[in-house]
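Notes follow the structure.
Quantities reported herein were computed from a predicted structural model and do not represent experimental measurements. For the numbers below, each heavy atom of this structure counts, side chains included, while hydrogens, waters and symmetry mates do not. All residue numbers refer to positions in the sequence shown, counting from 1.
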Amino acid sequence: MTINRRMGRWIAGAAIVIGAALIAGCGDDSYMQPTMTTAEAEARIEKLIHDAFARLPPGATLIRSWNGGVPCEDIFRGLYGKETVEIHYKIDYSREWPVDEVIPRLVEYWKQQGTTVHRDDRDHVQP
């Protein structure tokens, strides 16, 4: 599958952010004991994002575009006062940068971190 430049930039940034957000995100709070502080969560996400970016081909720049907390309350599961920490980045690169190498490298990185792929749309062609 060939990825156009605009789509590649979004996919690369999204893949890094999604992986980090999933690892530090909301859910059944039994795995979050003891709960991390916001500073600890931000540090963990930053490390994961920079580690993932280091696996990409040289020649691109990681640019932080947003960060903040998102409420993570679920009265049905008894989650009150919790928050996910999100940090968004974009990847800036030249026309010569090998965009097609990004997703395979990120998939390998996240597998090495012990994450599980629940859905893989790499072969799905967008209209």
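Within the model, atoms NE2 of His88 and CD1 of Ile45 stand 9.5 Å from one another, a figure rounded to the nearest 0.5 Å.
In this structure Glu101 satisfies the salt bridge (charged side-chain N to carboxylate O under 4.0 Å, His left out) test together with Arg105, sequence neighbours excluded. With sequence neighbours excluded, the residues forming a side-chain hydrogen bond (donor to acceptor under 3.5 Å, both in side chains) with Lys47 are Asp51, listed by chain and number. A search for side chain to side chain contact (heavy atoms under 4.5 Å, CB included) contacts involving Thr38 returns Glu42, Glu83, Val85, not counting sequence neighbours. By the side-chain hydrogen bond (donor to acceptor under 3.5 Å, both in side chains) test, Glu108 is found to be paired with Gln112, residues two or more places apart in sequence or in another chain being considered.
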Let me have the donor-acceptor pairs involving side chains of residues 56-64, under 3.5 Å, with sequence neighbours excluded, atom names and distances please.
from  : atom 1 : to    : atom 2 : distance (Å)
Arg64 : NH1    : Glu46 : OE2    : 3.0

| request: Would you please test Gln113 and Thr115 for side chain to side chain donor-acceptor pair (under 3.5 Å) and show each step? | output: CA-CA 6 Å; Gln113 301 307 307; Thr115 60; over 6 Å; no
| request: Applying side chain to side chain contact (heavy atoms under 4.5 Å, CB included), run through Leu48 and Trp110 and close with a yes or a no. | output: CA-CA 9 Å; Leu48 290 168; Trp110 289 114; 4.0 Å; yes
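Listed here is the closest heavy atom pair of Tyr93 and Ile91: CD2-O, 3.5 Å.
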